[in-house]
Asker: 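What follows is a structure written as structure tokens; I'll ask about it next.
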Protein chains: 2
Amino acid sequence: MKAKNTISQMRRGILEFCIISLLADHEVYTAELIDRLKAANLLVTDGTLYPLLSRLQKSDILQYRWEESESGPPRKYYSLTDEGREVLAELDLSWQEINGSVEQIRRGNKSE
Amino acid sequence: MKAKNTISQMRRGILEFCIISLLADHEVYTAELIDRLKAANLLVTDGTLYPLLSRLQKSDILQYRWEESESGPPRKYYSLTDEGREVLAELDLSWQEINGSVEQIRRGNKSE
DNA sequence: GCATGCTACCTTGTAACGCAAGGTAGCATG
DNA sequence: CATGCTACCTTGCGTTACAAGGTAGCATGC
């Protein structure tokens, strides 16, 4: 399956977008986030996620608060900042544009 | 514009897919390819493209032939191999799946 | 109250990749 | 034959995903 590499690149590219989208309405902690991404067919490990979340937090897109768990160590619940919401809006737009680009290219093939 | 980085990541992810798509029906050489990508709002430099094309060629997805130019040095015209066409079909599918994932995530936000 | 296990956090090392910058060489033009 | 343009390609850098490994809180069983 030669396309594998390319496919994972495509997935990767939208990972950040999906994470920001998922955080838009719900606080979540890392394990939950992984589950939700998995549900949308986007596999990630926590080793990928922690640095990414921490990067987004340093950029003021995400914030977190500690919450104690009923069964285990405390969890970091992440949510979007106001700035994060603005970023999400930009990303939504860009995503549509990119979609348009791909559409255009794929259509081009067929007609010509 | 905090989203910039994320946006370029998204673009990057689909770059290979777009290139393969663009080559599906037309032989093109690098400068043409860049123009066509630019027309679809995907900016790339040739320093990005050459290694990428060469990688795809080594994976038997692309092939090339030399053609002399009427005005300047000879050009490498790239086209898809049969295997490249199979890969393109896979990529088409994956792209639709990924689109579905993103749709699902974005829809999820709004309803919940 | 100590050992074991689970959960959640985080870090480190590696490999891939895009991109900017720089380099080589064919070919045309004055 | 010198200058410039076009086309090819390489190098070095920074970023990133991912696998693997590490720390520590908390619960459970003895």
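Below, each value reflects all heavy atoms present in this structure, side chains not excepted, and no hydrogens, waters or symmetry copies. Labels below follow one simple rule: chain letters A, B, ... track the order of the sequence lines, proteins then strands, and each chain is numbered from 1.
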Asker: Tell me whether the side-chain N/O atoms of Arg55(A) come closer than 4.0 Å to OP1 or OP2 in dT16(D).
Answerer: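 Checking dT16(D) against Arg55(A), a side-chain N or O does come within under 4.0 Å of OP1 or OP2.
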Asker: Using a 4.0 Å heavy-atom cut-off, does Thr30(A) contact any base of the nucleic acid, only the sugar-phosphate backbone, or nothing at all?
Answerer: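 Contact class for Thr30(A): sugar-phosphate only.
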Asker: dC9(D), dG25(D), dC9(C): which one has an atom nearest the side-chain heavy atoms of Asp46(B)?
Answerer: dC9(D)
Asker: Hey, which of these two, Thr45(A) or Ser71(B), hits DNA chain D nearer its 5' end, going by closest nucleotide?
Answerer: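 Mapping each residue to its closest nucleotide by heavy atoms, the 5'-most match is Ser71(B).
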Asker: Taking CE from Met10(A) and C1' from dT16(D), how many angstroms apart are they, rounded to a whole number?
Answerer: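 So the two atoms are 18 Å apart, to the nearest Å.
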Asker: Can you check the Asp35(B) CG to dT6(D) C1' distance for me, whole Å?
Answerer: 13 Å
Asker: Is the shortest side-chain N to carboxylate O distance from Glu83(B) to Arg85(B) below 4.0 Å?
Answerer: no
Asker: Taking the minimum atom-to-atom distance to the side chain of Leu52(B), which one of dC10(C), dC17(C), dG18(C) wins?
Answerer: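 Nucleotide nearest to Leu52(B)'s side chain: dG18(C).
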Asker: Between Glu16(A) and Arg55(A), is the closest basic N to carboxylate O distance under 4.0 Å?
Answerer: yes
Asker: In whole Å, what is the span from the NZ atom of Lys4(B) to the P atom of dC19(C)?
Answerer: 12 Å
Asker: Please confirm whether the shortest side-chain N or O distance from Arg75(B) to OP1 or OP2 of dA7(D) is below 4.0 Å.
Answerer: yes
Asker: Side-chain N or O of Gln9(B) less than 4.0 angstrom from OP1 or OP2 on dA17(D)?
Answerer: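 For dA17(D), OP1 or OP2 has a side-chain N or O of Gln9(B) closer than 4.0 Å.
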Asker: Does Thr48(B) place a side-chain N or O at less than 4.0 Å from the phosphate oxygens OP1/OP2 of dC19(C)?
Answerer: yes
Asker: Can you hop from Ile105(A) to Tyr29(B) via hydrophobic side chains spaced under 4.5 Å?
Answerer: no
Asker: Is the charged tip of Lys76(B) near the ring of Tyr64(B): under 6.0 Å from the six-membered ring centre and within 45° of its axis?
Answerer: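 Flagged: Lys76(B) positioned over aromatic ring of Tyr64(B).
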Asker: Output the rounded distance in Å from CG (Asn5(A)) to P (dG18(C)).
Answerer: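 The answer, rounded to whole Å, is 9 Å.
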Asker: How do Glu70(B) and Val44(B) order along DNA chain C: which one's closest nucleotide is nearer the 5' end?
Answerer: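 With Glu70(B) and Val44(B) compared, the 5'-side residue is Val44(B).
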Asker: Round to the nearest Å and state the distance from Ile7(B) atom CD1 to dC19(C) atom P.
Answerer: 14 Å
Asker: Is there a side-chain contact between Trp95(A) and Asn99(B) (heavy atoms, below 4.5 Å)?
Answerer: yes
Asker: With a 3.5 Å limit on both atom pairs, tell me what dC9(D) is paired to, counting Watson-Crick and G-U wobble, or say none.
Answerer: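 dG22(C) - that is the nucleotide pairing with dC9(D), both distances being under 3.5 Å.
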Asker: Does dC10(C) have OP1 or OP2 sitting under 4.0 Å from an N or O in the side chain of Ser54(A)?
Answerer: no
Asker: Return the value, rounded to whole Å, for the distance between atom CD of Glu16(B) and atom C1' of dA16(C).
Answerer: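 The distance from CD of Glu16(B) to C1' of dA16(C) comes to 11 Å, rounded to the nearest Å.
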Asker: Taking only side-chain N and O atoms of Tyr50(B), does any of them lie within less than 4.0 angstrom of OP1 or OP2 on dT10(D)?
Answerer: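 Negative; the distance criterion is not met.
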Asker: Using purine N1 to pyrimidine N3 plus N6-O4 or O6-N4 for Watson-Crick, or N1-O2 and O6-N3 for G-U wobble, each under 3.5 Å, what pairs with dT29(C)?
Answerer: dA2(D)
Asker: Taking the basic N atoms (NZ, or NE/NH1/NH2) and the acidic carboxylate oxygens, is any pair closer than 4.0 Å for Lys4(A) and Glu90(B)?
Answerer: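 No.
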Asker: Using heavy-atom distances to pick each residue's nearest nucleotide on DNA chain D, tell me which of Leu15(A) and Glu68(A) is more 5'.
Answerer: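 Nearer the 5' end of the strand: Leu15(A).
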Asker: Roughly how many Å is it from NZ in Lys58(B) to C1' in dC9(D), rounded to a whole number?
Answerer: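 It is 11 Å, rounded to the nearest whole Å.
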Asker: Across all strands, who's sitting opposite dA16(C) as a Watson-Crick or G-U wobble pair, both distances under 3.5 Å?
Answerer: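 Answer to the pairing question: dT15(D), which forms a Watson-Crick or G-U pair with dA16(C).
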Asker: Could you tell me the separation between the CZ atom of Arg11(A) and the P atom of dC17(C), rounded to a whole number of Å?
Answerer: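 That distance rounds to 16 Å.
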